[in-house]
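Here is the structure we will look at.
Only this structure's heavy atoms are used, side chains among them; waters, hydrogens and symmetry mates stay out. Residue numbers count from 1 along this sequence.
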Amino acid sequence: MIRVTRRPISESVESLSVEGRLTRVGVARFEEACAKLLEAGRALRLDLSGLQFADREAVAALQRLRSRGVALTGASGFVEALLAEPPEPR
């Protein structure tokens with residue numbers, strides 16, 4: 001189960017705290033929520049310090065978000081290692 005908490009930083013920057021397990025079950029909704037903020041012109045920062053698990057689809061989604069300029073912060077060493085792997089073709 002994933003919990004995402006929205007934390008506005010300023011009028012132009014939004015932070016989302018991501019906690020729990022991000023899996024294929026919730027990836028589409030998570031990515032859509034992030035896309036809406038980006039399309040609204042907001043800079044986005046994801047705090048991954050509470051992310052306990054990410055499956056392959058979740059890692060691919062995080063890599064796509066990072067390629068769109070989203071800052072990923074606070075990731076554990078394990079999650080950082082997963083994010084460093086080449087993205088899978090979509």
(request) Could you please spell out the steps behind the side chain to side chain contact (heavy atoms under 4.5 Å, CB included) verdict for V70 and L38? (result) CA-CA 9 Å; V70 174; L38 292 171; 3.8 Å; yes

(request) Could I get the full list of side-chain contact (heavy atoms from CB on, under 4.5 Å) partners for V13, not counting sequence neighbours? (result) I9, S10, A43, R45

(message) So which atom in A58 and which in D55 form the shortest heavy-atom distance, rounded to 0.1 Å?
(response)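 Taking every non-hydrogen atom into account, N-OD1, 2.9 Å.
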
(message) Testing the basics here: between C34 and L65, what is the closest heavy-atom pair and its distance to 0.1 Å?
(response)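 That would be CB-CD2, 3.7 Å.
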
(message) A side-chain contact here means heavy atoms from C-beta on lying under 4.5 Å apart; do L51 and L46 qualify?
(response)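 SC-SC contact between L51 and L46 ruled out.
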
(request) Would you sort out whether I2 and F53 count as a side chain to side chain contact (heavy atoms under 4.5 Å, CB included), showing the intermediate values? (result) CA-CA 10 Å; I2 189 74; F53 176 81; over 6 Å; no

(message) If we ignore hydrogens and angles and just use 3.5 Å, is the side chain of R66 paired with the main-chain N or O of L83 as donor and acceptor?
(response) yes

(request) Show your reasoning for whether side chain to side chain contact (heavy atoms under 4.5 Å, CB included) applies to F30 and V25. (result) CA-CA 10 Å; F30 173 72; V25 174; over 6 Å; no

Approximate separation, where rounding is to 0.5 Å, of [X] [atom1] and [Y] [atom2]:
X   : Y   : atom1 : atom2 : result
D47 : L72 : CG    : CG    : 10.5 Å
E39 : R68 : CD    : CZ    : 6.0 Å
L82 : Q63 : CG    : CD    : 8.5 Å

Pair up each side-chain donor or acceptor in residues 14-22 with any protein partner under 3.5 Å, not counting sequence neighbours, and list the distances.
unit_1: E14; atom_1: OE1; unit_2: R6; atom_2: NH2; d: 3.4
unit_1: E14; atom_1: OE1; unit_2: R42; atom_2: NH2; d: 2.7
unit_1: E14; atom_1: OE2; unit_2: R6; atom_2: NE; d: 2.7
unit_1: E19; atom_1: OE1; unit_2: R3; atom_2: NE; d: 3.2
unit_1: E19; atom_1: OE1; unit_2: R3; atom_2: NH2; d: 3.2

